[in-house]
2 protein chains.
Amino acid sequence: MNIIAEQPRAKPRKGRKYDQVLDGAREVFLLSGFEGASVDDIARAAGVSKATLYSYFPDKRLMFTAMAERECSRQASAALQVIDMTAPPALVLRQTAGRLIRIILSDFSQRIFRVCVAESDRFPELGQAFYDSGPALGRARIADYLRQAKARGEVAIEDFELAADQFAELCKADLWARAVFGIQNRFSDEEIDRVIEGAVTTFLARYGMRD
Amino acid sequence: MNIIAEQPRAKPRKGRKYDQVLDGAREVFLLSGFEGASVDDIARAAGVSKATLYSYFPDKRLMFTAMAERECSRQASAALQVIDMTAPPALVLRQTAGRLIRIILSDFSQRIFRVCVAESDRFPELGQAFYDSGPALGRARIADYLRQAKARGEVAIEDFELAADQFAELCKADLWARAVFGIQNRFSDEEIDRVIEGAVTTFLARYGMRD
DNA sequence: TCGAAACTGAACCAATCGGTTTAAACTGAG
DNA sequence: CTCAGTTTAAACCGATTGGTTCAGTTTCGA
């Protein structure tokens with residue numbers, strides 16, 4: 001019906017249910033882990049027959065890695081949050097801390113983290129993929145900003161990577177542990193603000209220029 | 001043969017192979033997780049028949065929780081490292097950082113952490129047990145020291161729990177992530193010292209008294 | 001409207017799972 | 001030695017696993 005030529009659709013590979021399958025795989029794998037997930041469950045969750053599943057993926061392992069890769073790259077784009085490279089550190093850090101905490105406390109991040117950690121020796125590439133798309137990427141962004149801030153004389157830093165890692169770690173303080181061990185899953189603004197303020201203040205106490 | 005009365009031996013419960021069984025359970029569970037571990041594997045690893053296994057534990061789940069509890073309490077005693085409560089912060093922090101890093105980078109801690117995280121929603125008590133025996137216990141110890149240091153006027157801290165958490169987090173910077181995702185498992189003294197010095201310097205920049 | 005490709009549901013397979021049973025062998029105190 | 005309690009190996013159970021097959025239905029571009 002469309003006069004304009006159909007765009008070739010980036011890699012439908014075989015059929016039209018590819019994403020549907022991966023969605024089902026994500027749901028079950030993130031809930032039960034690799035061994036705990038049964039292929040029948042995945043087919044049911046995907047709303048697809050088992051034969052269709054196996055027409056897309058030769059076996060369960062490849063189903064898992066495909067799903068993990070997709071979720072890691074999604075996480076990567078979520079981590080690519082905009083940083084105003086020209087704003088002063090106190091502002092940028094506070095803002096970045098808030099976003100970072102919101103991410104690491106999210107149900108999604110928790111689940112994919114658990115699976116990646118649990119299966120990282122069954123799937124050696126998996127840990128690397130998560131690391132690259134999450135912590136490493138975030139560190140690079142923060143370090144970039146810190147470099148520019150130093151050029152403006154706003155901070156005094158020698159080891160930018162270490163500083164960026166330290167800031168990210170400061171943002172986790174207790175919150176992350178409580179979440180990942182299932183002790184707490186809702187956090188009040190007060191709890192979060194306490195950690196944010198603590199992280200920013202400590203970080204600037206070390207690296208900030210007294211103005 | 002012993003004239004002195006036999007001490008009643010704390011809870012041999014049934015037989016003499018209790019520890020042997022738990023050792024086998026640990027080996028397999030920590031390697032493969034709960035679902036990934038087969039009872040036959042555990043029996044083989046324990047050097048014990050499957051019937052014996054089931055004479056100690058009514059099912060696989062209880063076998064797992066018993067093993068997890070034992071390992072958590074072992075971890076707890078490992079965390080109970082001696083802190084010289086009278087020494088100055090720069091010294092104590094450096095020393096504590098070194099020990100803490102050595103612990104969190106150890107193969108044992110990595111494995112039990114993975115299992116606890118992975119199975120913490122299948123076994124809700126598990127996450128709490130790990131948290132209590134590890135992070136929470138360590139924080140309490142550090143906070144205790146910081147309180148005494150403040151009494152001596154060596155540090156300026158209001159929120160001791162937050163400060164302790166921050167210090168512990170600073171010690172992880174990157175090292176821990178690289179280890180837990182299987183990217184790196186041997187760390188040079190230089191890598192570790194860089195993080196230790198960074199943690200101590202940043203922490204004291206915020207909380208230390210200029211003397 | 002036609003036909004190939006995609007999809008379905010269910011039956012089916014061998015293997016493995018957690019767990020039980022049994023009859024025989026081992027252990028150690030009295 | 002005796003005897004009760006432990007331990008053993010192996011056979012066994014029903015359920016579930018990852019994976020295959022196939023005859024039939026749906027989908028959709030030409």
Side-chain angles (χ1 to χ4, degrees), chain A residues 1-29 31-68 115 119 122-123, chain B residues 1-9 11-29 31-68 119 122-123:
Chain A
M1 307 304 142
N2 212 335
I3 303 183
I4 301 173
E6 286 287 323
Q7 41 187 346
R9 285 270 205 75
K11 288 195 183 181
R13 209 48 185 248
K14 271 182 191 169
R16 73 209 91 121
K17 306 209 166 185
Y18 187 80
D19 292 323
Q20 199 174 329
V21 166
L22 278 192
D23 287 343
R26 176 184 63 179
E27 181 183 330
V28 180
F29 277 133
L31 199 74
S32 310
F34 179 74
E35 292 278 358
S38 90
V39 178
D40 294 83
D41 286 345
I42 296 175
R44 198 175 312 120
V48 141
S49 81
K50 209 158 63 146
T52 302
L53 267 193
Y54 279 101
S55 84
Y56 283 106
F57 301 102
D59 62 23
K60 191 188 178 186
R61 285 185 62 94
L62 287 187
M63 213 180 304
F64 180 82
T65 59
M67 164 265 160
V115 170
E119 315 293 353
R122 218 190 307 261
F123 300 89
Chain B
M1 304 305 141
N2 211 334
I3 304 184
I4 301 174
E6 286 285 323
Q7 44 187 347
R9 283 273 205 76
K11 288 195 182 181
R13 210 49 184 247
K14 269 182 189 169
R16 72 210 93 119
K17 305 208 166 183
Y18 187 81
D19 293 323
Q20 198 174 329
V21 166
L22 277 193
D23 287 344
R26 177 183 63 178
E27 181 182 331
V28 180
F29 277 133
L31 200 73
S32 311
F34 180 75
E35 291 279 357
S38 90
V39 178
D40 294 82
D41 286 345
I42 296 175
R44 198 176 311 119
V48 142
S49 81
K50 209 159 61 144
T52 302
L53 266 194
Y54 278 100
S55 83
Y56 284 106
F57 301 101
D59 62 23
K60 190 188 179 187
R61 285 185 62 94
L62 288 187
M63 213 181 302
F64 181 82
T65 60
M67 164 264 163
E119 316 292 354
R122 218 189 307 260
F123 300 89

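Keep in mind that this is a model prediction, so the values were computed, not measured. Quick note on labels: first sequence line is chain A, next is B, and so on, each numbered from 1.
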### Query
CG of A:Asp41 versus C1' of D:dG19: gap in Å, rounded?
15 Å
## Note on the structure
Residues A:Gly24 and A:Ile42: closest non-hydrogen pair is C-CG2, 4.1 Å
### Short side-chain N/O contact to D:dT17 OP1/OP2 from A:Lys60, under 4.0 Å
no
### Query
What residues form a side chain to side chain donor-acceptor pair (under 3.5 Å) with B:Asp41, not counting sequence neighbours?
B:Ser38, B:Arg44
### Summary
Given the options B:Val48, B:Leu22, B:Asp23, B:Lys17 meets side-chain contact (heavy atoms from CB on, under 4.5 Å) only with B:Val48
### Message
Measure CG/A:Asp19 against P/C:dC7 and give the value in whole Å, please.
### Response
12 Å
### Message
Counting only side-chain nitrogens and oxygens, does B:Tyr56 get under 4.0 Å of the OP1 or OP2 atom of D:dT7?
### Response
yes
### Query
To the side chain of B:Val39, which of C:dG18, C:dC7, D:dT8 is closest?
C:dG18
Could you list the protein-to-nucleotides 26-30 of chain D atom pairs, N/O on both sides, closer than 3.5 Å?
none

#### Entry: side chain to side chain donor-acceptor pair (under 3.5 Å) partners of B:Arg61, counting only residues at least two apart
none
### Task
Scan A:Ala43 against the nucleic acid and name what it touches under 4.0 Å (heavy atoms): base, sugar-phosphate only, or nothing.
nothing
## Note on the structure
Atom CD of B:Glu35 and atom C1' of D:dA15 are separated, to the nearest Å, by 14 Å
### Query
For the side chain of A:Lys17, counting heavy atoms from C-beta on, which of D:dT20, C:dC7, C:dC17 is nearest?
C:dC7
### Message
Let's see if you get this right: which residues in residues 44-53 of chain B place a heavy atom under 4.0 Å from DNA chain C?
### Response
B:Lys50, B:Ala51
### Query
Considering residues at least two apart in sequence or located in another chain, which fulfil the side chain to side chain donor-acceptor pair (under 3.5 Å) criterion with B:Thr52?
B:Ser49
### Query
Are any side-chain N or O atoms of A:Asp59 and backbone N or O atoms of A:Leu62, one a donor and one an acceptor, separated by less than 3.5 Å?
yes
#### Entry: Distance in angstrom units between A:Asp59 CG and D:dT17 P, rounded
17 Å
### Task
Send over the distance from B:Arg61 CZ to C:dG18 C1', rounded to a whole Å.
13 Å
### Message
Without decimals, in angstroms, what is the distance between B:Gln20 CD and C:dT27 P?
### Response
13 Å
### Task
Drop me the distance from B:Glu119's CD to B:Phe29's CZ, to the nearest 0.5 angstrom.
9.0 Å
### Task
Only counting residues at least two apart or in another chain, list the ones meeting ring pair (Phe, Tyr, Trp, His ring centres under 6.0 Å) with B:Phe123.
B:Phe34, B:Phe64
### Task
Round to a whole Å and report the spacing from CE of A:Met63 to P of D:dT17.
14 Å
### Task
Determine the minimum heavy-atom distance between B:Lys60 and B:Glu35, stating which atoms define it.
NZ-O, 4.0 Å
### Message
Distance check needed: D:dG18 C1' versus A:Asp40 CG, whole Å only.
### Response
8 Å
